[in-house]
Colleague: 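First the structure, which I've put down as C-alpha cells, then a few questions once you've had a look.
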Amino acid sequence: MITLTINDRRLQVQEGTTVLQAAKGAGIQIPTLCYHEALAPYGACRMCLVEVVAGGRLGLSASCAYPAQEGLVVRTDSSRVLKARRMVAELLLARCPNVPEIQTLAQEMGIERPRFHIEDEKCTLCGLCVRTCEEIAGVSAINFIQRGTEREVTTPFAVPSEACITCGACAMVCPTGAIVIEGAEEIKHRELRLGPAKAIHVPFLQAVPKAPLIDAGQCIHFRTGKCGVCERFCLSNAIDYEMEDEEVEIEVGAIILATGFEPFDCSRVAQYGYGRLPNVISGLEFERMCNAGGPTGGKVVLEDGRSPESVAIFHCVGSRDENYNEYCSRVCCMYSLKFAHLVREKTGSKVYELYIDMRAFGKGYEEFYKRLLMEDVIFIRGKGAEVTDVAETPEEQGKLIVKCEDTLLGIVRRIPVDMVILSAGLEPRQDAAEVARLFGINRSKDGFFLERHPKLAPVETASDGVFVAGACQGPKDIPDSVAQGAAAAAGALALIDLGKVEIEPITALIDEAICSGCKICIGLCPYTAIEFVCRDTTGIAQVKEALCKGCGICVAACPAGAATQRGYTTQQIYGEMEGALLAEARG
Amino acid sequence: MSGKNSFEPRIIGFLCRWCSYQGADLAGTSRRHYPPNMVPVRVMCSGRVDPTFVLKAIADGADGVLICGCHPGDCHYQSGNFNAMRRYPLLMKALEQFGIEKERVRLEWISASESEKFALVVKEMTETVRRLGPLEWNRRLFQEGQRKT
Ligand SMILES: Cc1cc2nc3c(=O)[nH]c(=O)nc-3n(C[C@H](O)[C@H](O)[C@H](O)COP(=O)(O)OP(=O)(O)OC[C@H]3O[C@@H](n4cnc5c(N)ncnc54)[C@H](O)[C@@H]3O)c2cc1C
Ligand code: SF4
Ligand code: FES
Ligand code: FES
C-alpha cells in the first residue's frame, strides 16, 4: 500500500494506482476528457491537471497518467490548477463551440466566450477513438493524420477502411458524438423484432438464469482476440472466453413438450402490404414497441418518430381463412382489444378494430370488450380487405388507406390511418412434424400436436410418458397454457412418484418348440427386443418382454408361425373376422 | 339379397390402433356418415397384418379388404407400416394369380385426425366393391375345381 495526500486528505491506495484513480476513489472530482478506464492513460487533453506540491515532480501534471507515490502531496484545487484548467477549457471551447459537452464543461468554469479564434469542430482530438480502435478492437482502422491545426482522425487516405470491423466502439467512446455510425441513430420498424443488443447482454428481461451471454459473432474478443474489457471489469470474475457449448445427455422418465407456436407470417397476405408499406406492423412488433425495455422505450411511434393519430387493427390475419388456416387462433381477438386499449392509453389516437366475430370467450373477457366499447374504440364488423397508399382524396394524402366492408352498415369503406397492426394468428412451429416424429406422437389436422383424448387425456399423447402443454397442442392464451402446463407436470410427477413403469400387456411371444432360428424377426423388431439364444444344437429367438412394445410386426413376419401376440393372436383375429362375416351373412 | 343393385358388399378393415382406428373413432364422434359395410378389426399396427389375414377374410366370404396404417414415417412403432407397404405389392401379385380384382384390397394411410379421409375411403371402397359385385371366392374356387376334374 502507498500513502499519499490529496487536498490535505491522507489516502491509502494500491501500488499501480494513478493519482486520478486515487482521487476518484476518495470522492474528489477531477474533470477529464481523454481518460477512459478501459484504456491506457494518454495524457493528451490536460483537462485533469493537478499540482504536485511535495514528494514528486513539482508543478502541474496530468493526474490520469501520474502514478501514485509514497509521500506524494497533491492539490486539485489550487489557483494554479484552476487557472490552467480554465485555459484548457477555453481553448477547447474555441475549437468546439457547438458541442454541448464542451459548452457545459466551459460553463462550469465560468467561461462565456473564448478569447481565441473560434472554429467549428466536433472532434476534440482526445484520441479516445483511435486508442479504442487499437487497444480494444485491435484493428487500428483509424488514426490521426497531419499535425497542429490540420490534425484530424480518419481512415487511411480517408476512404472506407477494409480493416474496420464496424464494431462501433469508436462512436460509443467518443465524448462529443463526432463519430456517427450511419443509420444507427434512428429507430427503424424492421428492427422492432429484436431491438438493439450489445455483444454481451441478458437475452431478455425474464431470462432464466438471468445472466448475460456473449454473442461470439459480435464480440470483438472473438473476432480480433483483443478487447477483453468485460473480463477486466467483471467484479466476480465470471467471464470465461474459453467456455464452449456442451451437449449433455440426461436420462428422464417423462417428457413434457411445450414447444409453443409460430406467429403467422403477415407478408403472406400480400394485399395488406406487410414488409412493403411503412407503418404496417405485426402484432408481435407492436408488443415490442409497447415494451418499456424495447427499441422505442415503450412509445407507440410511426417510422418517422411521430405519434400516430389513427390506427387500424386487423383481426384474423391468417386465421379463419381458407387460403391460410381454417381454424380460429383464439388469442388474437383478445390481444387486439388489449392493443386498442394500449394505443388509446399511450397516444390517444383514434382506433379502428376490424373483426369478423368478436371471440371474447374467457373469464372477464366479455367485460373487457364492453369496457373498450365505452373507451371510444371504433369497431367495424368486417374483415380488412386491403391496405394501400394510393390516395384518392386530399385527406388520404400521405396516409395508409384501409379498405373494408362494414357488414353492419352494409357499405364498403375507405379509412385513412397512420398505422395498421396485423393481428397474426398462431401456427404450428415449422419443425412440428419433425418433433412429433422424434417423440412418436401424432398431430391433428391443423398441424398442432395431438392429445391422446380431447376430454379424458388432454395432456397425454400416443407415447407413454410424453406430455403436451401450451400452444404446441393448439392455439391458446397464457392462462390456458399455464393450466395445461400444470396438468402436464402433475402427469409427469405421477409417473415419477410411481417409481416403476407399467409395460404393455400386449407383447409378442415366440414358441420355442416351433422357432427354427431363422432370425427374420430379429432384423424387423424396431426395439431390438428379440434376442438370439442358444438351445442344444441350434439357436432360437426369444422376446425380451420389458422391451417389447407389442406392435406385432414379428408375428406377421414369422414364416414358421412360432410368434404370437398376446391379445391379438392369429386365432383371435380369425375368430373376429369369422364372427363378423358370419353375422353379416346372417344379418 | 337379390340382384346386383341391392348387393351390400362385406368388407373387412384392418385398422391400426394408433391412427386409422382413432380416425374411425373421431369420424363417429364427429357424426360423419359412411356406409356400414366395413367391419373394423383392430390391430396394433399395420405391420401386424399378415397377408394370410387378407386371404382368410376373402376365403371367409369378404368381398373386399381395407388395410389402414399411419402415414409413412408416422408409425407408432417407427417402421411397422413400411413392412405393410412392402407386403402389399406381393399380396397384389398373389391376388392376381387367384384372379381376384386388385381393387378389392386397398392399403391407405389415415392418421388419427383424418376422420374425413377415413369416411371418404370407406365410402369409395364400398362403392368400388359394390360395382365389382360379390366375390364369393369359395364358390368360384369350387366351380373351377369341378371344371378341371
Ligand atoms: C402478438 C401476440 C400477443 C399475445 N398477447 C397475449 C396476451 O396478452 N395474453 C395472453 O394470455 N396471451 C397472449 N398471446 C398468446 C401467448 O403468446 C401464448 O398463449 C403463449 O405464448 C403460449 O405459451 P407456450 O409456452 O405454450 O409457447 P411459447 O410462448 O411459444 O413458448 C415455446 C418455447 O419453446 C421453445 N422451443 C420451441 N421448440 C423447441 C425445441 N425443439 N427445443 C427447445 N425449446 C424449444 C421456444 O423457443 C419458446 O421459447 C399473444 C400472442 C401473440 C402472438
Ligand atoms: S381469436 Fe378473433 S381474431 Fe383470432 S382468429 Fe379467432 S376470431 Fe379471428
Ligand atoms: S484526462 Fe488526463 S490528460 Fe486528458
Ligand atoms: S402404428 Fe400405425 S401403422 Fe404402425
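Here is the naming used below: chain letters follow the sequence lines, and residue numbers restart at 1 for every chain.
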Colleague: Under 4.5 Å heavy-atom distance to chain B, tell me which part of A/E578 shows up: side chain, backbone, both or neither.
Modeller: both
Colleague: For each of A/G550, A/C558, A/P454, tally heavy-atom pairs with chain B at distances under 4.5 Å, and name the one with the top tally.
Modeller: A/G550
Colleague: Which heavy atom of A/M577 sits nearest a heavy atom of B/F53, and at what distance?
Modeller: CE-O, 3.7 Å
Colleague: Flag the pair A/Y574 / B/D60 as yes when at least one side-chain heavy-atom distance between them is below 4.5 Å, and no otherwise.
Modeller: no
Colleague: Pair up each side-chain donor or acceptor in residues 513-523 of chain A with any protein partner under 3.5 Å, not counting sequence neighbours, and list the distances.
Modeller:
none

Colleague: Picking from B/E116, B/M44, B/R48, which has the most non-hydrogen pairs under 4.5 angstrom with chain A?
Modeller: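 Result: the option with the highest number of such pairs is B/R48.
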Colleague: With sequence neighbours excluded, what pairs up with B/I58 under the side chain to side chain contact (heavy atoms under 4.5 Å, CB included) test?
Modeller: B/V54, B/V65, B/L95, B/I100, B/V105, B/L135, B/W137
Colleague: If you count heavy-atom pairs within less than 4.5 Å of chain A, which of B/R87, B/R17, B/Q22, B/H71 leads?
Modeller: B/R87
Colleague: Can you find a heavy atom in the side chain of B/V43 that is under 4.5 Å from one in the side chain of A/I573?
Modeller: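 With C-beta onward as the side chain, the pair touches.
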Colleague: Which members of residues 458-473 of chain A, sorted by number, sit under 4.5 angstrom from chain B on a heavy-atom basis?
Modeller: A/A462, A/S463
Colleague: If the contact rule is any heavy atom under 4.5 Å from chain B, which residues of residues 429-447 of chain A qualify, in numerical order?
Modeller: A/R437, A/G440, A/N442, A/R443, A/S444, A/K445
Colleague: Return the minimal non-hydrogen interatomic distance between A/A580 and B/I12, and the atom names on each side.
Modeller: CB-CD1, 4.3 Å
Colleague: Given heavy-atom pairs under 4.5 angstrom as the criterion, report whether the side chain, backbone, both or neither of B/F82 touches chain A.
Modeller: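 Neither part; nothing is under 4.5 Å.
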Colleague: Side chain, backbone, both or neither: which part of B/S46 has a non-hydrogen atom closer than 4.5 Å to chain A?
Modeller: neither
Colleague: Which one, B/A84, B/A112, B/G73, leads in non-hydrogen pairs under 4.5 Å with chain A?
Modeller: B/G73
